[in-house]
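Below is one structure, written out as structure tokens, with a few remarks after it.
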Protein chains: 2
Amino acid sequence: MTIRRLSVYARCLLHLEEDGVRTVSSQELADRFNLNSAQVRKDLAYFGEFGVRGVGYYVDDLRRHITAILGLDTQHRLAVVGAGNLGMALANYDGFAGRHFRMVAMFDDDPAKVGREVDHAPIIASRDMAREIRARSIQIAIVAVPTESAQTVTDQLVAAGIKAILNFAPARLKVPREVRFKNVDLSIELETLSFYLAKGSK
Amino acid sequence: MTIRRLSVYARCLLHLEEDGVRTVSSQELADRFNLNSAQVRKDLAYFGEFGVRGVGYYVDDLRRHITAILGLDTQHRLAVVGAGNLGMALANYDGFAGRHFRMVAMFDDDPAKVGREVDHAPIIASRDMAREIRARSIQIAIVAVPTESAQTVTDQLVAAGIKAILNFAPARLKVPREVRFKNVDLSIELETLSFYLAKGSK
DNA sequence: TAGATTGTTAATCGATTAACAATC
DNA sequence: TAGATTGTTAATCGATTAACAATC
């Protein structure tokens, strides 16, 4: 949870920096996200002493520190697996454009797609995935293939030495402990909303 | 958190039912998700007494109860706003097909798309959104438009009386308290992965 | 020096887990 | 009755918040 909040702070600090704001207090940050100022200070102090008593935090300084903590000072090379609608949507996603992540390849089986380029990245045949992951030093893969092929693709990624996987397929994937893994589960999000709708009308 | 777990249990129970399993114990459920059996029992007992001492839980009975608690005994009518790659991916998403959610409309500005059908649902011009949301009793909207238009679209949805919104645009949207709202934020997921990558290599 | 705000300790709160009487 | 497993109370753990000395 602390890490997710750091990510949120980082984005906020970027905005503040663009707006020419020089310093910010834990209280001001807390107000922005409905948090407690003590919580903000604790989050920030956990990794070092970044603040100045009586002043607050220097925005650019703090932003740099958090960025480094999140490992965003180096650019991550990532691949999107599956060049269907979801894959294409992710390839064009504004979020990557932010210089921390760079999509350097897409993988797909469809011969009609292989060889084309998406956002300066080549679409490569899935059968070459292991080789290309290594050759292109790809650390992160986003799985955007149909449910049936999700586990197969994941096994290949793992075998190729991928470091982290973000999965969009609605399947419970088996991934070895050493590979960082996150599921984005649309059903859970919808069902949570559904619960509150049902509760509200009752 | 309890609600998210209920959603997970529900899916598991569905599988068990399909496999012809009649009863399941809190311990068996806990093992499946690396939880504590006391936690499972507490989650389930929170909404009523669904188990039988010495036996466990009857799978079909429990599944029905959880489904009702999550408001999944009635079908939810939803709309996807934005018929770009992301919208199309969501429309074809396996998760909806599950009978709890039914996409009954897509909205888009592009005249080339308006009038077509996707998965039995019509693509409707955005300007008619408010009217159609009401006419078609749409309760849930999924926002899959570019960042620039996300707030405008959201305001229209709210004005049309939408009950819940699931947002995929990387924007911090203002939504009144009475509308249930959930953000799916790809950047946070990626940055969290990035943190663990950085930590692991250090 | 007076005012502001941090970093941190201590108090509080909530969620998880252990333990066990109830009971099938 | 003996064995199994629930529902629930009490204990534990972790995360949030309040409070305040340190210090700019």
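Residue numbering restarts at 1 for every chain, and letters A, B, ... go by the order of the sequence lines. Note that the structure is predicted; figures quoted are calculated from it, not measured.
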| query | Should Leu44(B) and Leu6(B) be marked as a side chain to side chain contact (heavy atoms under 4.5 Å, CB included) after you check the CA-CA gap, both sets of side-chain angles, and the distance that decides it? | reply | CA-CA 8 Å; Leu44(B) 297 177; Leu6(B) 283 187; 4.2 Å; yes
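If you measure from atom CG of Leu35(A) to atom P of dA15(D), you get 15 Å, rounded to the nearest angstrom. Note: CZ (Arg53(A)) to P (dT8(C)) measures 7 Å, nearest angstrom. Distance Glu49(A) CD to dT8(C) C1': 10 Å, rounded to the nearest Å. Between Gln39(A) atom CD and dG14(D) atom P the separation is 17 Å, expressed in whole Å. With rounding to whole Å, Met1(A) atom CE is found 14 Å from dT17(D) atom P. The CZ-C1' distance, from Phe50(A) to dT5(C), rounds to 17 Å in whole Å. One atom, CG of Asp43(A), and another, P of dT17(D), lie 11 Å apart when rounded to the nearest Å. Look at CG on Leu29(B): it is 9 Å from P on dT6(D), rounded to the nearest Å.
As the counterpart of dC20(C), dG7(D) is assigned, both hydrogen-bonding distances of the Watson-Crick or G-U wobble pattern falling under 3.5 Å. Taking a pair to require two hydrogen-bonding distances under 3.5 Å in either a Watson-Crick or a G-U wobble arrangement, dC13(C) pairs with dG14(D).
A donor and an acceptor atom, one from each side chain of Ser137(B) and Arg77(B), are nowhere located under 3.5 Å apart. A donor-acceptor pair shorter than 3.5 Å can be found between the side chains of Ser126(A) and Asp109(A). Side-chain contact annotation: Asp43(A) with Gln39(A), donor-acceptor N/O pair under 3.5 Å absent. Between Ser37(A) and Arg41(A), the side chains place a donor N or O and an acceptor N or O closer than 3.5 Å (distance only, hydrogens not considered).
Mapping Tyr57(B) and Arg5(A) onto DNA chain D via the closest heavy atom, the residue that lands nearer the 5' end is Tyr57(B).
Of the candidates dC24(D), dT23(C), dT8(D), dT8(D) carries the atom nearest the Lys42(B) side chain, counting heavy atoms from C-beta on. The nucleotide whose nearest atom lies closest to any side-chain atom of Ala38(B) is, among dT6(D), dA18(C), dG7(C), dA18(C). Considering only side-chain atoms of Arg41(B), the nucleotide from dA19(C), dT17(D), dG7(C) that sits closest is dA19(C).
Using a 4.0 Å heavy-atom criterion, one finds that Ser37(B) contacts no nucleic acid atom at all. No engagement by Tyr46(B) is indicated, since no non-hydrogen atom pair under 4.0 Å with the nucleic acid exists.
An OP1 or OP2 oxygen of dT5(D) is reached within less than 4.0 angstrom by no side-chain nitrogen or oxygen of Ser26(B).
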